[in-house]
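Just so it is clear, the values below take in all heavy atoms, side chains as well, and ignore hydrogens, waters and symmetry mates. By convention here, the first residue in the shown sequence is residue 1.
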Amino acid sequence: MARLGVAARTLRVAWMAACVALLLALAIARRTQPQEPRLQRDPYAAFDTDGEWRRRAVELTALHRQALGPDRFVEAEAQRPAWPGLVVTSVALAFTWTATPSPEGTGADEAGRVEAVVRRWMLACALASAACGAWIAARLASGAGVARLRAALVAGGWLALSPWALEREHVERFDPHALLVLLCCAQLGACAFALYARERIDVFAGSLVAGAAAGAGLVAGVETWPVAASCGAALGLHALREVEGRSREALLAPLCFVVVLLGVAGIGAGPLDARELAPAFDGRARGWLAASPGWIAGVAIAAAAALRLAFERRVDPFQAALLTAGSASFLLALVDARFSAPAHAALALAAGSAAAREYAHVPGHASRVAWITLWVALALILFDVRPAAASQTREVDDLRAGLTWLRENSVAPGPFNHPAAEQNWRVASAPRLAGPIVGRARRPTVAAEREHAASEAARALELAFGAESDAEFTRRLDSNRARWIVASTAMQRDAGLCASAASSARVARLLDPQASLAGWRAQRAFGDPISCVLWEREEAEAPGRTQAR
């Protein structure tokens with residue numbers, strides 16, 4: 001009987017090791033072969049607004065060997081970088097180490113080199129997150145042996161393969177999700193190390209590392225603030241509970257956390273607009289509530305089950321921090337997709353610890369049912385790959401053809417590889433199409449939108465499209481030095497640009513190359529049926545008319 005027990009334990013360990021190996025193999029396979037864009041879920045997704053700007057920023061940063069400031073192509077009055085500097089700088093370093101800049105000195109390289117570096121960078125961040133999450137979940141697990149291995153497997157699986165990571169990936173996407181998840185896991189892991197440490201020096205070390213990871217997370221994306229706030233609050237409450245009499249050493253740990261966080265964030269981040277901390281409610285945020293009903297149901301059930309199983313019993317300071325971070329991030333992610341990264345990190349760790357706790361306290365049959373249900377739900381969500389709509393695929397191709405034509409046939413407004421150079425004229429279009437215009441046409445835009453936040457000029461552009469008369473429309477565009485208009489059928493689905501009947505009618509007219517628009521001439525139309533039309537200013541005094549090519 002003893003030999004049978006040893007053999008059974010050996011088989012369990014071998015089975016868990018095989019599962020971990022399969023998990024890592026699937027993670028590598030899925031992330032090196034990202035899935036195609038789901039255009040019907042987000043009409044702007046395939047235009048890759050984030051990717052075009054970040055790709056350009058990587059090329060320019062690698063060329064100039066320094067992180068660049070505001071890019072005049074992105075926004076004329078930009079006061080700070082329009083992208084997370086930490087994300088671009090880290091990828092630019094990887095690009096510099098693995099690729100040779102083009103001999104022309106423009107910073108651009110042959111097609112696909114930046115994308116290849118980005119995929120390797122995302123894979124490294126994803127696997128590091130899975131390893132960090134597995135370690136944290138195993139440490140939190142009650143029991144030993146298979147319980148800890150199961151916790152590690154669940155947490156690593158959610159971090160490496162969950163839809164929160166995969167639904168935003170495709171070949172051209174350039175998203176900081178993987179890095180943000182890694183930084184959130186790092187600060188949660190350091191916080192757990194500090195709260196569970198028995199030696200005072202370990203408490204200080206954990207607080208310092210957690211503060212550095214929290215500061216770096218705010219530099220990469222301010223949407224990580226729920227995790228940073230939860231870790232800081234947990235360290236502070238734990239310190240207050242330990243203060244006895246005149247002993248104040250316990251307060252040094254949360255103070256170290258706050259000081260290091262502010263120091264790292266102050267060095268790496270620009271001025272912070274408090275509005276960036278709140279979710280967007282204007283329909284552009286593309287939160288989880290905008291996803292398909294099945295996807296919403298699966299995520300909600302998984303999150304609720306993980307939180308309930310993890311926190312229905314005794315709650316220690318770190319579990320309280322994990323509960324706060326996961327709940328806050330999850331609620332914010334429902335309306336704003338930016339917060340999916342911190343929600344992904346916190347809820348993955350909660351799911352891992354929940355699986356181990358459930359395994360230790362629930363009878364074997366119920367444990368197996370819960371285990372199978374969790375992974376079946378994840379598989380149903382994960383492999384819900386739907387083909388892109390053919391009409392929207394043609395729309396993307398037509399827009400890219402139009403931007404290529406604009407680059408080859410329009411007068412250059414200024415040097416494209418000097419982001420601080422003044423530009424004599426700009427292109428008017430939907431703010432969310434500014435990325436492709438900048439990246440493919442090498443032309444500056446009137447207004448921009450990225451990270452679900454529109455520039456101040458976007459409001460002026462919306463007012464121009466909502467003008468009652470053609471004269472007012474032209475006057476507003478002239479005041480913003482617009483010489484070209486890029487009209488795409490995607491603009492008809494823009495809630496901000498087509499907020500009124502007048503603006504909707506104007507977009508429809510711009511999509512008709514036979515329509516008349518005083519002061520403007522339709523130069524080219526693309527698609528059958530037409531989905532992209534380029535308009536040029538006719539007046540002799542149009543902005544940038546005399547600029548040399």
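Side-chain contact between Ser429 and Ile437 is present, with at least one heavy-atom pair separated by less than 4.5 Å. For the pair Leu332/Trp225, a side-chain contact is recorded, criterion being any heavy-atom separation below 4.5 Å from C-beta on. No side-chain heavy atom of Val438 sits under 4.5 Å from any side-chain heavy atom of Glu52. At least one side-chain heavy atom of Arg54 sits under 4.5 Å from a side-chain heavy atom of Pro176. Looking only at side-chain heavy atoms (C-beta outward), Val203 and Tyr196 stay at 4.5 Å or farther from each other. Residues Glu395 and Ser488 form a side-chain contact, since some pair of their non-hydrogen atoms from C-beta on lies under 4.5 Å apart.
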Side chain to side chain contact (heavy atoms under 4.5 Å, CB included), that's the test. Do Val222 and Arg338 meet it? Break it down for me. CA-CA 9 Å; Val222 293; Arg338 287 184 304 152; 4.2 Å; yes

Check against side chain to side chain contact (heavy atoms under 4.5 Å, CB included), Phe193 and Asp202: CA-CA 8 Å; Phe193 181 80; Asp202 294 336; 3.8 Å; yes

List the steps, then state whether side chain to side chain contact (heavy atoms under 4.5 Å, CB included) holds for His177 with Met122. CA-CA 8 Å; His177 185 95; Met122 291 181 65; 6.0 Å; no

Just do the side chain to side chain contact (heavy atoms under 4.5 Å, CB included) check on Leu433 and Leu399 with the steps written out, would you? CA-CA 10 Å; Leu433 294 181; Leu399 177 65; 4.0 Å; yes

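Atom CZ of Phe257 sits about 5.0 Å away from atom CG of Leu261, to the nearest 0.5 Å. Here the straight-line distance linking atom SG of Cys185 with atom CG of Leu159 works out to 4.5 Å at 0.5 Å rounding. Remark: Phe339 CZ to Ser329 OG distance equals 8.0 Å, nearest 0.5 Å. Between the SG atom of Cys256 and the CG atom of Leu251 there is a distance of 11.0 Å, given to the nearest 0.5 Å. Taking OG1 of Thr61 as the start and CZ of Arg56 as the end, the distance is 10.0 Å to the nearest 0.5 Å. For the atom pair CG (Leu497) and CD (Glu462), the distance works out to 6.5 Å, reported to the nearest 0.5 Å.
Checking Ser230, Cys191, Cys231 one by one against Phe318, the side-chain contact (heavy atoms from CB on, under 4.5 Å) holds for a single residue, Cys191. Here the options are Leu179, Leu86, Val117, the test is side-chain contact (heavy atoms from CB on, under 4.5 Å), and the partner is Val91; only Val117 passes.
When all heavy atoms of Cys184 and Thr224 are compared, the pair lying nearest together is SG-CG2, 3.8 Å. Pairing each heavy atom of Ala278 with each of Asp336, the nearest pair is O-OD2, 4.4 Å. Residues Ala447 and Leu461 share a closest heavy-atom pair of CB-CD2, 4.2 Å. Residues Ala448 and Trp53 share a closest heavy-atom pair of CB-CH2, 3.4 Å. Considering all non-hydrogen atoms of both residues, Ala228 and Gln187 come closest at CA-OE1, 3.3 Å. In plain terms, the two heavy atoms of Ala186 and Ala213 that are nearest each other are CB-CB, 4.0 Å.
Both the sub-6.0 Å distance and the 45° axial angle are not jointly satisfied by Arg443 relative to the ring of Phe73.
At distances below 3.5 Å, at least one donor-acceptor pair connects side-chain atoms of Ser90 with backbone N or O atoms of Val87.
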